[in-house]
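Just so we're on the same page: letters track the sequence lines, and every chain starts at 1. As the structure is a prediction and not an experimental result, all values here were calculated from the model.
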Amino acid sequence: MKILLVDDEQKFINMLAKRLALRGIEADTAYTGEEALKKAESAVYDVAVLDIKMPGISGPQLKRKLFTLHPNLNFIFVTGHGAVEKSEEDGSEKDIYLSKPLDIDFLIETVQELIQAR
Amino acid sequence: MLKIFQDFLKSLWPEFYRHRTNVHLNSFYTFTNYRYLWFISISVLAATALAPICIATLIYYQLIETSVDSDLNHRTKQLTVAAKSAVTFFMEERLNALTFTVNENGYEQLTDNTRLAEILKNLKLGFGGVTDLSVLDADGNQVAYAGPFNLEGKNYKNQSWFEQSLKQINYISEVFTGYRDVPHIIITVRSVKPDGSSFILRATLDTERLMQTLSSYKTGDYADIFLVNHEGKLQTPSIHYGAIFTPTNLIFPAGSDESEVIEIFLNGKSIISGHSSISRDLTSTPFTLMVLKEKAGMLKFWQDMSFKFNWIMGASVVVILIVITFASTFMVNKLYRADKAKAETMMQMEQSQQLASIGQLAAGVAHEINNPLAVINQTAGYMKDLFSFKDQERDDDEIVEYIDSILDAVDRCGTITRQLLGFVRQFDVKIKKVNLQKLISQVLSFHKKEAEYRRIHVTVSIPDSFPELETDSSKFQQVLVNLINNAFQAVEEGNCLDIIASQLSPNTIELVIHDTGCGIPEENLKKIHEPFFSTKKNGSGTGLGLSITYGLVKKLGGRISVQSTEGVGTSFTIHLPVKINEGRNA
């Protein structure tokens, strides 16, 4: 299982990646959308965890781009806004939104559910 | 019962009259001076309602006066003509009878006293008013006499009437007393004896009969009909001038046959006076007929009518004034209440908009705080992991680094909450010194992340010499929040937002908030300051933001204008005084 973490809040995803690694989950980090796309070209991920608001390419935009590269990729959005907004461009699948601050056990649970559902 | 009485008192002393100026509400009222409005309403209504009545009344009186005047003149003239005919006829009748007597009987028979007495008897029977008859020869000697006075043998040669009688065929004398001490008129007819010399038949008319004829024309209590001679001496008694032979100033040129009516003033009374000289074809008489009519008496009917008319008019005016006063009071009171309700609603709107803008900020603030919280969460979680997963190596330096990053994140949170508190606190501060640079960066700080995400280039240009403003900081802050929020909503990714401040004059500053956003279509440009105008879909906006901003700038003593081109961008320009005029603000 391999996860791609994309957020401009560097310390946040660094810590998250370290903690996931402790729990046996391999996680790559990308601080911008461009970096994430570059990493996705050379590796295959099961789940991408995207921040919605990022400078440059935003979360939903990045999802579309990654989706064309890897149609089988699963997405989880993370947002600082307490309220979870529905994305207008979601396709047939429902997007999953998690709010910050993020509980790591809940994230792992969600990731596993996604993979099992596939 | 008590409530009805209270309502009645309220309608007498209406609500708007007890209006207390409320500093917060005042600027929302459409009308400021309701007492003045009330006064104007009553005056205008009263003027328009009463002017026609006053004009009609004036015209009515004018018409009455002229018509009554001409009516009076006409009636007096008619009376004068009628009375004149009667007097003329009276004289002519007797003169003709005398002429007939002379021609029929001749000198011989007339000088026979028995025959003369018989003629007198017949004349008295036929015409009346003849007192006696006498025949005079050319020397003034009375040749024959018939009548109640013993005047036989008298000589009249030196009497003026006798001289006149000799000169004319007919003669009518003035009224005089003569030998007998009774007012009488002499009429004479001159004829010729068989020997060729002249003789005169004289008849004496008693004035009683003449006065009766005159008084038969007196209609009503206010008419006075009498005769005067050419010297103005009364020939019959007059109500206004007194007894017979009283001299008057009523002197008219003899010989005019025309009747004339004039208005004179006598003893303080206005009198219509008609006069006409009594004349005959052959002989003129010394009389002028006078008809006097008191105007007041004649006007009595009209005055009675006018009195009633005045009462009706007065009553209508009072009723109209009462109705107007009550109607105006009622309307102005209704207007006042509606205006008051509007003002109160507007104030509540402004307050709720203020709260809404804080709410908008809160969402941004939550986002800003959640990010560092997420960092704290993960860092602390990782540190816990380090202790939970026993096989992990623990490096003290690493742990200190994590603690530092937690402290960093806490600092970030602290900064944001401090900013928010400082911002919210301003809402209840009144007039104070405002540093524009500080205020703008405070407002922008809530949009910092958004600007970053959406790559919006925000530039703030404030000259170093820019003065400190002395203004209502909370209102000014809300103006900035509203306009900057608007600009952020209008711009697309990668656009620019420029805030440019400059000092126009020692007491005026200009602030331009310019964006290169979507712009405002021209048809909407006029409406953007109207309340409840919004182009946002599905009620996501209240449509109050700009209308309240507009009101706030006005309250700050400034003005706001907007230039916009669709697709190019929008500029809001605010002009504000450096020092707010507190009196105006209050």
Side-chain angles (χ1 to χ4, degrees), chain A residues 3 5-25 27 29 31-34 36 49-62 76-88 97-109 111, chain B residues 359-395 398-399 401-413 416 447-457 492-494 537-538 540:
Chain A
I3 295 179
L5 302 174
V6 190
D7 196 323
D8 61 320
E9 197 71 53
Q10 301 181 4
K11 280 178 182 167
F12 168 64
I13 48 167
N14 287 344
M15 282 299 139
L16 195 57
K18 280 187 178 179
R19 294 185 74 192
L20 286 172
L22 280 177
R23 286 163 179 76
I25 298 170
T29 56
Y31 304 138
T32 63
E34 286 86 356
V49 178
L50 310 179
D51 188 18
I52 291 181
K53 279 197 169 178
M54 284 186 294
I57 305 169
S58 75
Q61 282 172 330
L62 184 61
I76 294 174
F77 286 115
V78 175
T79 170
H81 283 286
V84 170
E85 310 162 25
K86 286 270 164 264
S87 168
E88 61 265 26
Y97 293 87
L98 299 178
S99 62
K100 284 183 189 175
L102 195 61
D103 180 42
I104 190 153
D105 297 329
F106 187 63
L107 176 69
I108 293 167
E109 223 171 87
V111 167
Chain B
Q360 254 178 348
L361 288 175
V365 167
H367 184 249
E368 293 303 297
I369 289 176
N370 278 339
N371 271 323
L373 279 183
V375 173
I376 294 169
N377 182 22
Q378 294 313 325
T379 315
Y382 180 62
M383 281 163 68
K384 192 183 166 197
D385 287 351
L386 286 180
F387 289 96
S388 326
F389 294 80
K390 296 284 180 199
D391 53 334
Q392 260 334 93
E393 286 178 36
R394 290 198 293 274
D395 184 349
E398 199 189 353
I399 289 175
E401 193 188 304
Y402 295 148
I403 290 174
D404 277 346
S405 84
I406 288 178
L407 291 176
D408 265 0
V410 169
D411 257 2
R412 268 173 70 188
C413 290
I416 291 160
H447 294 280
K448 211 172 90 192
K449 278 280 164 192
E450 196 186 344
E452 253 173 51
Y453 297 142
R454 294 170 59 198
R455 286 183 306 182
I456 296 164
H457 306 285
E492 304 263 319
E493 206 162 282
K537 289 163 277 172
N538 306 331
S540 59

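A pairwise comparison of heavy atoms in A:Arg19 and B:Asn377 identifies NH1-O, 4.0 Å as the closest pair. Minimum heavy-atom separation, B:Val375 to A:Phe12: CG2-CB, 3.8 Å.
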Derivation of the side-chain contact (heavy atoms from CB on, under 4.5 Å) call for A:Leu102 and B:Gln378: CA-CA 8 Å; A:Leu102 195 61; B:Gln378 294 313 325; 3.9 Å; yes

Check against side-chain contact (heavy atoms from CB on, under 4.5 Å), B:Asn371 and A:Lys100: CA-CA 7 Å; B:Asn371 271 323; A:Lys100 284 183 189 175; 2.3 Å; yes

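Shown here are the side chain to side chain donor-acceptor pair (under 3.5 Å) partners of A:Ser58, two or more places apart in sequence or in another chain: A:Gln61. Residues forming a salt bridge (charged side-chain N to carboxylate O under 4.0 Å, His left out) with A:Asp8 (at least two apart in sequence, or on another chain): none.
With respect to the salt-bridge test (charged N to carboxylate O, under 4.0 angstrom), the residues A:Lys11 and B:Asp408 qualify.
The residue from B:Asn370, B:Ile376, B:Ile369 that alone fulfils the side-chain contact (heavy atoms from CB on, under 4.5 Å) condition with A:Pro101 is B:Asn370.
If you measure heavy-atom distances from B:Tyr382 to chain A, the contacts under 4.5 Å come from both the backbone and the side chain.
Open room surrounds CD on B:Glu492; 12 or fewer heavy atoms of other groups in view lie less than 6.0 Å from it.
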